[in-house]
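Everything on this sheet refers to the single structure shown next.
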Amino acid sequence: MHYEFAPMEGITDDLFRRLHHKYFPGVDRYYTPFLSPAEGKVFSSKELREVLPENNPGIDLVPQLLTCHAGHFLAGAAILRDLGYREVNLNLGCPSGTVTAKGKGSGLIFPERREMLRAFLDEIFSSCPLEISIKTRLGKSDPEEFPALLELFNRYPVKTLILHPRVRDDLYRGPVQLSSYDWAFSHSRTPVTLSGGIARVSDCQRIFSSHPEPESVMLGRGLVADPALARKLQGGAGADRETLRAFCEEFFQETAARLHGPKPTMFRMKEIWTYLILLFDRRDACWRTLRKTTSLTEYQATVARIFRELPLRDEADVNWS
Ligand SMILES: Cc1cc2nc3c(=O)[nH]c(=O)nc-3n(C[C@H](O)[C@H](O)[C@H](O)COP(=O)(O)O)c2cc1C
């Protein structure tokens with residue numbers, strides 16, 4: 001089985017990926033958080049930084065695009081081809097209201113937009129210079145929408161179908177619909193990668209004891225909470241305190257240098273710690289301080305206390321599914 005790091009907007013940027021790969025090797029493939037190609041200047045400078053090969057050394061990376069405009073998708077793909085990429089991923093899963101209202105992300109798989117999706121797929125699959133994989137949800141509000149969607153995907157030479165088996169209305173909560181994953185596995189023309197529901201080694205064992213084992217699984221929040229999860233799934237060691245501390249420290253220093261100013265730096269660090277704190281027991285007091293602080297000094301003192309005092313768990317204490 002291959003292990004892939006899910007795209008996570010606001011979390012898995014180029015810096016995070018580079019340091020994750022350095023301190024916790026064992027992930028076979030990373031995806032960029034979604035990039036939104038636009039008219040004129042196709043990618044923003046921040047988006048270009050995400051995909052520049054020198055910012056992703058030694059990493060197998062697939063860039064992800066979020067758009068419902070075939071021309072913008074193809075313009076983005078052409079730039080990615082010139083940078084040396086061979087595959088691009090289409091985001092059909094983003095549930096954010098501002099995104100879906102424009103017919104992008106999971107908005108493009110809403111049943112009322114089926115013709116729009118068909119026209120979009122016709123155009124990108126007929127002239128994209130790169131292979132295209134798709135990351136999708138089951139539908140808008142009912143998993144019963146999925147068979148018709150899969151029937152449509154099956155008409156195109158999709159490289160891989162990455163399935164997050166929830167509907168848009170679930171956002172990121174509630175159980176993943178594994179019966180829909182089973183359906184996808186047996187009815188998809190292309191290999192299916194499961195995204196969602198795996199945050200611990202035991203989740204993987206439980207799921208694949210009664211569901212078909214895919215070629216790849218994609219790990220998201222569970223892998224941010226426990227950066228060694230992919231290695232553990234391959235029989236390797238869990239994260240030790242010293243490596244975690246070094247990872248956090250380098251991430252903090254580089255983030256502070258990149259973002260100029262305590263406010264954005266704190267914001268970014270708290271996004272990571274929202275997940276990482278789940279790997280520690282007796283975390284309530286430290287987490288309260290970390291969540292509230294706007295001071296880099298207090299942040300550093302609290303993180304030092306976390307590493308000094310809090311017991312490290314064998315598995316992250318997650319309850320998303
Ligand atoms: C904060 C956050 C940001 C995300 N950003 C993206 C994104 O940019 N592109 C995407 O396809 N999915 C995105 N996702 C969805 C994840 O890739 C993944 O499919 C989902 O979290 C389920 O997997 P998990 O339970 O392993 O986290 C995001 C999820 C979260 C929680």
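Note that ligands are numbered from 1 as they come in the structure, with each ligand's atoms numbered from 1 the same way. Heavy atoms only: backbone and side chains are in, while hydrogens, waters and symmetry mates are out. Position 1 is the first residue of the sequence; numbering continues from there.
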Are the side chains of [Y] and [X] in contact, using a 4.5 Å heavy-atom criterion?
{"X": "Pro33", "Y": "Gln64", "value": "no"}
{"X": "Arg18", "Y": "Lys22", "value": "no"}
{"X": "Ser188", "Y": "Phe153", "value": "no"}
{"X": "Phe34", "Y": "Pro7", "value": "no"}
{"X": "Leu80", "Y": "Leu130", "value": "yes"}

Got the closest protein heavy atom to [atom], with its distance?
{"atom": "atom 9 (N) of ligand 1", "answer": "Gln64 OE1, 2.8 Å"}
{"atom": "atom 23 (O) of ligand 1", "answer": "Gly196 CA, 3.4 Å"}
{"atom": "atom 28 (C) of ligand 1", "answer": "Tyr172 OH, 3.4 Å"}
{"atom": "atom 25 (O) of ligand 1", "answer": "Arg221 NH2, 2.9 Å"}
{"atom": "atom 3 (C) of ligand 1", "answer": "Glu9 N, 3.4 Å"}
{"atom": "atom 2 (C) of ligand 1", "answer": "Met8 CE, 4.0 Å"}
{"atom": "atom 18 (C) of ligand 1", "answer": "Ser195 OG, 3.5 Å"}

Mark up the atoms of ligand 1 that fall under 4.0 Å of a heavy atom belonging to [X], in ascending order.
{"X": "Gly197", "answer": "25 (O)"}
{"X": "Lys135", "answer": "10 (C), 11 (O), 12 (N), 15 (C), 16 (C), 17 (O), 18 (C), 19 (O)"}
{"X": "Ala6", "answer": "17 (O)"}

Between Phe280 and Trp273, what is the ring plane arrangement, given parallel below 30°, perpendicular above 60°, and tilted in between?
-> tilted

From atom 16 (C) of ligand 1, work out which of Pro7, Pro95, Pro33, Gly220 has a heavy atom at the shortest distance.
-> Pro7

Select one of side chain, backbone, both or neither to describe which atoms of His164 lie under 4.0 Å from any atom of ligand 1, heavy atoms only.
-> side chain

Classify the contact between Tyr31 and ligand 1 as side chain, backbone, both or neither, using a heavy-atom distance cut-off of under 4.0 Å.
->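 Neither; no heavy atom under 4.0 Å.
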
So does Arg268 pair up with Asp13, basic N to acidic O under 4.0 Å?
->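 Yes.
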
Please tabulate, one pair per line, all N/O donor-acceptor pairs under 3.5 Å involving side-chain atoms of residues 300-309, not counting sequence neighbours.
from	atom 1	to	atom 2	distance (Å)
Thr302	OG1	Glu298	O	2.7
Arg305	NE	Glu309	OE1	3.0

Quickly, which of Leu66, Leu161, Asn91, Asn89 forms a side-chain contact (heavy atoms from CB on, under 4.5 Å) with Lys135? Name it, please.
->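 Among Leu66, Leu161, Asn91, Asn89, the one meeting side-chain contact (heavy atoms from CB on, under 4.5 Å) with Lys135 is Asn89.
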
4.0 Å heavy-atom contact, Ala199 with ligand 1 |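 No, that is not the case, since the closest heavy atom of the residue is not under 4.0 Å from the ligand.
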
Report yes or no: does a heavy atom of Tyr275 sit under 4.0 Å from some atom of ligand 1?
->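 Yes, Tyr275 has a heavy atom closer than 4.0 Å to ligand 1.
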
Is a side-chain N or O of Lys270 found less than 3.5 angstrom from the main chain of Thr293, in a donor-acceptor match?
->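 Yes.
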
